[in-house]
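In what follows, chains carry the letters A, B, and so on, assigned in the order in which the sequence lines appear, proteins first and then strands, with residues in each chain numbered from 1.
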Amino acid sequence: MNQCGSYTLIKKSSQTKARRGKLFTSRGIIDTPVFMPVGTQGTVKGVPNEFLQTSGAQMILGNSYHLYLRPGTEIIKKAGGIQKFNSWNKPMLTDSGGFQVFSLNDIRKITEDGAEFKSHIDGSKHFFSPEKSMQVQKDIGADIIMCFDECTPYPVDYKYAQSSMDLSLKWAKRCKLEFYNDNSSDKQALFGIIQGSSYLDLREKSAYEMANMGFVGYAIGGLSVGEPKEIMHSVLEKILPIIPENKARYLMGVGMPEDLWEGIERGIDMFDCVIPTRNGRNGQVFTSLGKINIRNMSYKKDFTALDPNCSCPTCKGYTKAYLNHLVRAQESLYLTLLSLHNIFFMVNLVDTIRESIGNNNFLDAKKVFFDKYYSNQKRG
RNA sequence: GGGGGUGUGGCAGAGUGGUCUAAUGCACCAGACUGUAAAUCUGGCGGGCUCGCCCUUCGGUGGUUCGAAUCCAUCCGCCCCCA
């Protein structure tokens with residue numbers, strides 16, 4: 001019998017550490033590797049569910065800190081859980097608020113007990129402890145929930161990284177205790193998060209300790225916060241062999257197309273990232289021929305689709321010239337069209353990668369992708 | 001016909017003797033964005049280059065002054081009031 005959040009390995013790449021698998025949740029089975037669009041406030045910004053479905057997105061994120069502040073867990077509980085509330089009937093994952101410990105750096109205070117936030121909405125004070133985060137995430141009711149942790153910035157000195165990593169371990173223990181104190185684990189899964197910044201010995205320790213604690217799945221946090229790619233790669237190479245093979249590995253907050261390839265090549269199963277939506281809202285579009293900024297002058301009279309190899313509604317229905325016009329005119333439709341296209345791009349990219357693992361030609365597929373992706377631009 | 005006002009960079013609009021290639025906003029040209037305090041932020045936006053400077057700009061022309069977008073004269077354009 002499959003527990004929520006449990007992972008079944010289907011196929012390992014013979015060329016790399018890439019792997020295909022299935023992730024079980026109470027709302028459906030997910031093919032991994034998987035890319036999860038981020039829907040912080042219970043919505044993937046700018047994209048209606050119907051469109052999101054057509055992209056093939058299997059799972060989306062929500063954020064407990066944001067949903068706790070607004071609309072509040074009472075309302076979500078009353079609605080029957082987040083997926084009833086937002087009508088996304090597929091699996092969801094909530095982040096714990098740990099990222100806000102990082103991103104709201106100026107308006108929060110960390111103690112051993114937890115983190116005190118000043119609401120970014122009205123300045124009111126709120127306290128998130130590991131226990132609180134578990135309660136909030138239980139109330140929200142996503143399929144997979146995350147331990148409350150501290151996401152450290154980069155760079156951070158060794159001493160701070162060490163004590164922060166230790167704190168995240170302590171918090172993880174408390175999260176586990178709180179999570180399993182009722183029957184939530186029947187329908188939700190709790191993932192642990194490995195920290196340790198760019199220090200490989202800290203990462204190693206965190207991974208061992210977390211693995212010993214025994215989580216249903218494991219995430220790698222504190223990456224993609226501005227560190228060089230080589231650091232991210234070396235951290236992944238250090239950590240992944242330590243995590244049990246029969247557990248899902250989730251690289252939090254990643255990423256760019258190149259990060260997806262590099263992460264999967266090293267054994268990552270799950271990704272989430274705001275890039276397709278945020279960058280879409282800012283005019284940046286991912287295509288099989290590289291990134292472009294649709295706002296640029298060169299697209300003013302370009303009556304071709306964003307990506308000749310894309311089957312998304314944006315590419316099927318609209319030209320670059322029109323999208324350029326929408327962006328310049330600040331017509332809100334572009335938010336939807338560009339976000340949707342970028343989500344299609346990321347989801348389909350991971351589909352392609354997943355297939356290549358099945359076909360045992362990961363490295364060839366990677367080369368084919370990047371030969372095209374970098375054909376029109378400087379490598380960067 | 002008489003009286004008053006006004007003319008500034010693509011647009012709007014500050015500045016009213018030196019610190020002015022001239023605030024600010026918009027527009028325009030680029031760049032960034034990785035578990036979303038982001039439909040946001042950053043840079044550029046007269047010309048030249050040896051990148052420190054040099055040259056050219058505030059309706060036109062002529063003056064005053066060591067120095068003018070700024071003062072004076074005159075011309076041109078626009079606006080308002082009275083006949």
Exercise. Using a cut-off of less than 4.0 Å, is there contact between a side-chain N or O of A:R295 and OP1 or OP2 of B:rA32?
Worked result: no

Problem set entry | Residue A:Q330, side-chain atoms from C-beta onward, closest of B:rA37, B:rG35, B:rA39 | B:rA39

Problem set entry | P atoms of B:rG59 and B:rG52, separation to the nearest Å | 33 Å

Exercise. When we call it a touch if two heavy atoms are under 4.0 Å apart, what does A:E331 touch: a base, just sugar-phosphate, or nothing?
Worked result: nothing

For this session: Establish, with yes or no, whether the OP1 or OP2 oxygen of B:rU36 is under 4.0 angstrom from a side-chain nitrogen or oxygen of A:T40.
Result: yes

Problem set entry | Proximity to the side chain of A:V38 - top-ranked nucleotide from B:rU36, B:rA37, B:rG31 | B:rU36

For this session: In whole angstrom, give the distance that lies between atom CZ of A:F345 and atom C1' of B:rU34.
Result: 15 Å

For this session: Quick one: look up who B:rG77 pairs with, Watson-Crick or G-U, both distances under 3.5 Å, and put none if it's unpaired.
Result: B:rU6

Exercise. Distance from A:D95 atom CG to A:S64 atom OG, nearest 0.5 Å?
Worked result: 6.0 Å

For this session: Report which part of the nucleic acid A:S119 touches: base, sugar-phosphate, or nothing (heavy-atom distance under 4.0 Å, all strands).
Result: nothing

Seminar exercise, completed: Across every strand shown, the nucleotide meeting Watson-Crick or G-U wobble geometry with B:rC28 (both distances under 3.5 Å) is B:rG44

For this session: Starting at atom CG of A:N342, determine the distance to atom C1' of B:rC33, rounded to an integer number of angstrom.
Result: 12 Å

For this session: Could you measure between the two P atoms, the one in B:rU24 and the one in B:rA14, and give it in whole Å?
Result: 15 Å

Problem set entry | Separation between CZ of A:F271 and CE of A:M36, rounded to the nearest 0.5 Å | 9.5 Å

For this session: Please determine if a side-chain N or O atom of A:N279 lies less than 4.0 Å away from the OP1 or OP2 oxygen of B:rA32.
Result: no

Exercise. Between B:rG35 atom C1' and A:I145 atom CD1, what is the distance in whole Å?
Worked result: 14 Å

Exercise. With rounding to whole Å, what would you report as the distance between B:rU34 and B:rG47 at their P atoms?
Worked result: 34 Å

For this session: For the pair A:R266 and A:E262, find out whether any cationic side-chain nitrogen is under 4.0 Å from an anionic carboxylate oxygen.
Result: yes

For this session: Record whether the side chain of A:D149 comes under 3.5 Å of the base of B:rG35 through a donor-acceptor pair of N or O atoms.
Result: yes

Problem set entry | Whole-angstrom distance between B:rU21 and B:rG46, as gauged at atom P | 13 Å

Exercise. If you find the nucleotide of RNA chain B closest to A:M256 and the one closest to A:R278, which residue's nucleotide is nearer the 5' end?
Worked result: A:M256

Exercise. Under the criterion ring-ring contact (aromatic ring centres under 6.0 Å, His included), which of A:Y65, A:Y68, A:F117 is the partner of A:H126?
Worked result: A:Y68

Problem set entry | Partner nucleotide, any strand, of B:rG52 [Watson-Crick/G-U, under 3.5 Å] | none

For this session: Report yes if at least one side-chain N or O of A:N105 is closer than 4.0 Å to OP1 or OP2 of B:rA37; otherwise report no.
Result: no

Problem set entry | Sugar-phosphate only, base, or nothing, as touched by A:G222 at under 4.0 Å among non-hydrogen atoms | base

Exercise. For A:Q41, which contact category applies under a 4.0 Å heavy-atom criterion: base, sugar-phosphate, or nothing?
Worked result: nothing

Exercise. Now, which nucleotide makes the Watson-Crick or G-U wobble pair with B:rU57, with each of the two distances under 3.5 Å?
Worked result: none

Problem set entry | Nearest listed nucleotide, side chain of A:C151, among B:rG35, B:rU34, B:rU40 | B:rG35

For this session: Name the orientation class of the two ring planes belonging to A:Y318 and A:Y322 (parallel below 30°, tilted from 30 to 60°, perpendicular beyond 60°).
Result: parallel

For this session: Could you tell me whether A:Y334 contacts a base, only the sugar-phosphate backbone, or nothing, with contacts defined as non-hydrogen atoms closer than 4.0 Å?
Result: sugar-phosphate

For this session: Round to the nearest Å and state the distance from A:R281 atom CZ to B:rU36 atom C1'.
Result: 7 Å

For this session: Check the side chains of A:S164 and A:E150 for a donor-acceptor pair under 3.5 angstrom, ignoring hydrogens and angles.
Result: yes

Exercise. Roughly how far apart, to the nearest Å, are B:rA83 and B:rU6 at atom C1'?
Worked result: 23 Å

Exercise. At under 4.0 Å between heavy atoms, what does A:I193 touch on the DNA or RNA strands: base, sugar-phosphate, or nothing?
Worked result: base

For this session: Select base, sugar-phosphate, or nothing to describe what A:L104 touches, counting heavy atoms under 4.0 Å on all strands.
Result: base

For this session: Quick one: sort the A:F345 and A:F369 rings into parallel, tilted or perpendicular, breaks at 30° and 60°.
Result: tilted

Exercise. How far apart are the closest heavy atoms of A:L223 and A:M232, and which atoms are they?
Worked result: CD1-CG, 3.9 Å

Exercise. When the C1' atoms of B:rA22 and B:rU56 are considered, how many whole Å apart are they?
Worked result: 14 Å

Problem set entry | Separation of the P atoms in B:rC79 and B:rG67, to the nearest angstrom | 38 Å

Exercise. Nearest-Å distance, NZ (A:K291) to C1' (B:rG31)?
Worked result: 10 Å

Exercise. So, is A:S103 close to the B:rA37 phosphate, meaning a side-chain N or O under 4.0 Å from OP1 or OP2?
Worked result: yes

For this session: Classify the nucleic acid contact of A:D272 as base, sugar-phosphate or nothing, counting any heavy atom under 4.0 Å across all strands shown.
Result: sugar-phosphate

Exercise. Below 4.0 angstrom from OP1 or OP2 of B:rA37, is there any side-chain N or O of A:Q100?
Worked result: yes

Problem set entry | Among B:rC33, B:rU34, B:rU36, the one nearest A:V254 by side-chain distance | B:rU34

For this session: With C1' as the reference atom in both, quote the distance from B:rG2 to B:rC72 in angstrom, rounded to an integer.
Result: 24 Å

For this session: Measure from the side-chain heavy atoms of A:R328 and tell me the nearest of B:rA30, B:rC28, B:rA37.
Result: B:rC28

Seminar exercise, completed: Against the side chain of A:S96, the closest entry in B:rG35, B:rU40, B:rU36 is B:rG35

Exercise. Which whole-number value in Å describes the distance from A:F148 CZ to B:rG35 C1'?
Worked result: 13 Å

Problem set entry | Residue A:N282, side-chain atoms from C-beta onward, closest of B:rU40, B:rU36, B:rA30 | B:rU40

